[in-house]
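As structure tokens, the structure follows; a few thoughts come after it.
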Amino acid sequence: MNTLDTSIEYIKGVGPVKAGILKSELQIYTFADLMSYYPFRYVDKRVINKISEIDNATQEIQLKGYITSLQLLGEGKSMRLEAGFSDETGHISLVWFKGIKWIKDKLKPNTLYIVYGKPSNFLGNYNISHPELETIDEYNEAVKLRFHPVYRTSEKMKASGLNSKNMSKIIDNLFRKIYNEIDENLSEALLLKYNLMPRKNAYYKIHFPVSEQDISESQRRLKFEELFFLQLSVVMSKLKKSSSTKGFVFSKVGELFNTFYSNNISFELTNAQKRVVKEIRNDFRTGKQMNRLLQGDVGSGKTLVALMSMIIAVENGYQACMMAPTEILANQHFKTITKMMSGLPVKIELLTGTTKKKEKNRILEALKSGEVNLIIGTHILIEDYVQFANLGFVVIDEQHRFGVAQRAKMWKKNTIPPHILVMTATPIPRTLAMTVYGDLDYSVIDELPPGRRPIKTIYLSHNDRLKLVFFIKRQIAEGRQIYMVFPLINESPKLELKDLMDGYDRISREFPLPDYQISIVHGQQKPDVQEFEMNRFVKHETQILIATTVIEVGVDVPNATVMVIENAERFGLSQLHQLRGRVGRGGNQSYCILMSGDKVSNEGKKRIATMVSSNDGFAIAEADLKLRGPGDMNGIRQSGVLDLKIADIAQDEQILKAARDEAFALIDADPKLAAPENRCIKTYLDAKVYAQNIWSMIS
Ligand code: ADP
Ligand code: MG
């Protein structure tokens with residue numbers, strides 16, 4: 001066994017009790033775990049703050065002063081020790097709830113102390129609970145190192161003496177034991193190329209830096225290492241998958257495809273669409289199962305690419321299916337695709353949760369007999385009773401709305417798994433996509449069809465309502481149509497409905513019959529009502545569609561030119577971008593109007609400003625990632641990027657790119673990591689078994 005796998009209880013200063021707390025509070029079990037419990041920031045010991053500087057925004061600070069009083073307050077469980085503490089600018093309290101007796105005996109009045117902690121405001125007075133204390137002698141010793149690491153600690157830890165200062169001591173003890181056991185895990189070539197410090201130095205310096213450069217360089221080295229091994233596991237699992245799964249060969253691209261291409265589409269494909277169709281055609285020929293992610297901004301024309309790929313499957317004698325996350329979208333795909341395929345000998349059906357029983361049974365039979373070539377539906381298609389004669393190709397639209405498990409279920413619909421194309425318009429930054437969907441090949445449509453005019457995005461407050469009404473009336477007079485969307489209020493569908501209905505009442509007054517007709521669509525309606533209302537809008541019988549976010553994805557009404565989003569501050573960025581993508585689909589100038597209430601948080605303001613300043617889904621995704629961090633982004637949770645200890649996907653994109661390139665290049669050159677210079681990489685990787693643990697979860 002490697003020394004680094006030893007239990008932390010054997011470190012001087014830990015023991016079984018503290019080890020138990022570190023395990024339960026921080027999931028730190030072994031030397032290696034503790035070694036990579038990094039400081040989350042550093043205090044420059046030379047900086048001493050004044051009590052008078054403290055305000056409600058103050059984080060951890062360092063103060064110098066005297067204990068002026070000491071008293072025990074309360075009784076029994078609520079007993080606490082309170083000390084007065086003063087410097088020349090003011091006075092605060094220091095409070096202890098645990099370890100009272102020990103502290104009380106230790107504290108000496110009229111002695112200079114350095115106090116460190118985070119002040120909080122209690123009824124107008126500031127206090128620091130469980131502060132760290134140093135005598136001036138101890139301080140003078142500490143300041144020699146200049147930087148003092150700060151570790152995240154919980155109340156429970158602090159109460160047991162595991163404050164940041166003691167964590168640092170323990171980690172110091174740890175390094176005395178293990179410094180020489182920290183083996184290098186990157187090749188000499190990588191260290192040289194990226195000018196990275198040796199591993200043991202990096203680990204030591206990140207805990208005990210003596211300069212700013214120590215901090216930044218040790219962090220850079222450790223981030224690289226972390227991302228490199230993450231990417232390495234991505235490459236390897238991808239390799240494993242692609243070498244093992246056999247797939248159908250669709251070798252024929254013939255009359256059906258060509259007829260469709262030359263007769264049934266009225267426009268030229270964009271270069272990006274052509275490239276992606278080619279990538280898919282290539283996959284179809286390899287004899288291996290395709291698992292491909294297609295990312296493309298809203299309106300970039302993913303549906304057509306999917307359809308052309310399905311035609312290839314059908315032409316080769318297989319069935320194809322397309323799964324959409326909502327009833328509305330499945331309906332719409334069915335209509336567009338049926339229309340686009342008119343005149344071609346392809347039998348297309350639609351299956352959703354509202355398909356009538358008799359109809360459903362007929363379709364199920366026809367699927368099983370092979371009479372149906374192409375089926376479009378909602379997640380009902382996953383159900384076991386939906387059986388195919390010979391399913392060869394599955395398209396999953398708006399993949400982020402489905403789980404990984406659902407994708408996996410489609411694999412089992414034939415003896416050899418069908419090819420799979422998942423599509424998403426929820427942009428996530430490219431590098432991140434590669435990590436999150438590491439087991440998928442990746443295609444992107446990075447170009448919009450020509451002639452689209454950029455959507456103008458405008459921010460209006462409540463008070464501009466009249467202006468808005470006037471503007472909309474003019475658009476309607478020009479023959480255009482309008483969406484008005486209300487936010488989803490998570491806690492209560494009822495409240496959400498109320499907001500929507502209030503909005504509906506108001507809008508009905510602003511746009512009265514008979515001049516104006518209004519549709520309304522929301523999640524509480526029966527699907528057939530939804531469809532009826534939606535259809536009235538699609539057929540232009542109504543000019544305004546009031547909706548909740550059920551229309552967020554996919555809906556395509558090219559004549560609609562205005563998207564009004566009420567309480568825009570309540571939506572996330574990617575949702576706003578999706579909604580905006582409902583307009584700008586025809587030749588007319590389109591507008592997205594973001595309305596807000598009176599009170600908008602700073603973050604809400606930033607989101608709105610981002611929307612106003614950019615139309616580019618990828619740029620917005622980057623902004624979103626920076627605003628919210630990866631934790632809230634779709635699909636991230638299973639990806640392993642949240643388990644990163646030091647690298648930050650949003651901030652460290654450059655390191656991520658380099659690490660990724662190197663990981664791919666390495667596996668290309670030395671797939672088994674057999675070369676002597678790569679031995680250290682292999683040893684580390686084998687010990688980690690990283691790949692299996694994380695990646696088996698998402699595939
Ligand atoms: P998304 O990628 O958001 O799913 P769609 O597939 O719904 O986008 O396409 C948006 C609109 O653009 C549709 O009306 C479609 O017919 C049209 N479209 C697709 N490709 C082209 C193209 N190459 N040229 C012009 N219009 C196109
Ligand atoms: Mg779409």
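In each ligand, atom 1 is the first atom listed, and ligand 1 is the first ligand listed. It should be emphasised that the depicted structure is a prediction, and the values quoted were computed from it without experimental measurement.
For ligand 1, the atoms closer than 4.0 angstrom to any heavy atom of D556 are 13 (C), 14 (O). Interface atoms of ligand 1 facing T270, defined by a heavy-atom separation under 4.0 Å, are 23 (N). The ligand atoms of ligand 1 that sit less than 4.0 angstrom from a heavy atom of L269 are 23 (N). Residue R585 has at least one heavy-atom neighbour below 4.0 Å for each of these atoms of ligand 1: 3 (O), 7 (O), 10 (C). Interface atoms of ligand 1 facing V298, defined by a heavy-atom separation under 4.0 Å, are 3 (O). For ligand 1, the atoms closer than 4.0 angstrom to any heavy atom of R452 are 10 (C), 11 (C), 12 (O), 17 (C). Applying the 4.0 Å criterion to heavy atoms of E268 picks out, from ligand 1, the atoms 22 (C), 23 (N), 24 (N). Of all the atoms in ligand 1, the ones that sit under 4.0 Å from a non-hydrogen atom of T303 are 4 (O), 5 (P), 6 (O), 7 (O).
Annotation for E255: atom CD does not count as buried by contact number, only 12 or fewer foreign heavy atoms lying within 6.0 Å. Residue K274 places its NZ atom among more than 12 non-hydrogen atoms of other residues, nucleotides or ligands, all under 6.0 Å distant.
Residue contact check for ligand 1: G299 places a non-hydrogen atom closer than 4.0 Å to it. At least one heavy atom of S300 sits under 4.0 Å from some atom of ligand 1.
Two residues are said to be in side-chain contact when any heavy atoms from C-beta on lie closer than 4.5 Å; M595 and Y459 fail this criterion. In this structure, M410 and I420 have side chains that are in contact, with non-hydrogen atoms separated by less than 4.5 Å. Inter-residue side-chain proximity for P418 and F388 is flagged as unmet; no heavy-atom pair is nearer than 4.5 Å.
When only interatomic distances are considered, the shortest N/O to N/O separation between G301 and ligand 1 falls below 3.5 Å.
In this pair, F248 and H419 present their aromatic rings perpendicular. The plane angle is above 60°, beyond the 30 to 60° band. The aromatic rings of Y483 and F537 lie tilted to each other, with the angle between the two planes from 30° to 60°.
In this structure, R275 pairs ionically with D446, as a charged nitrogen and a carboxylate oxygen lie closer than 4.0 Å.
Residue nearest to atom 1 (P) of ligand 1, selected from R582, Q295, K302: K302 (by heavy-atom distance).
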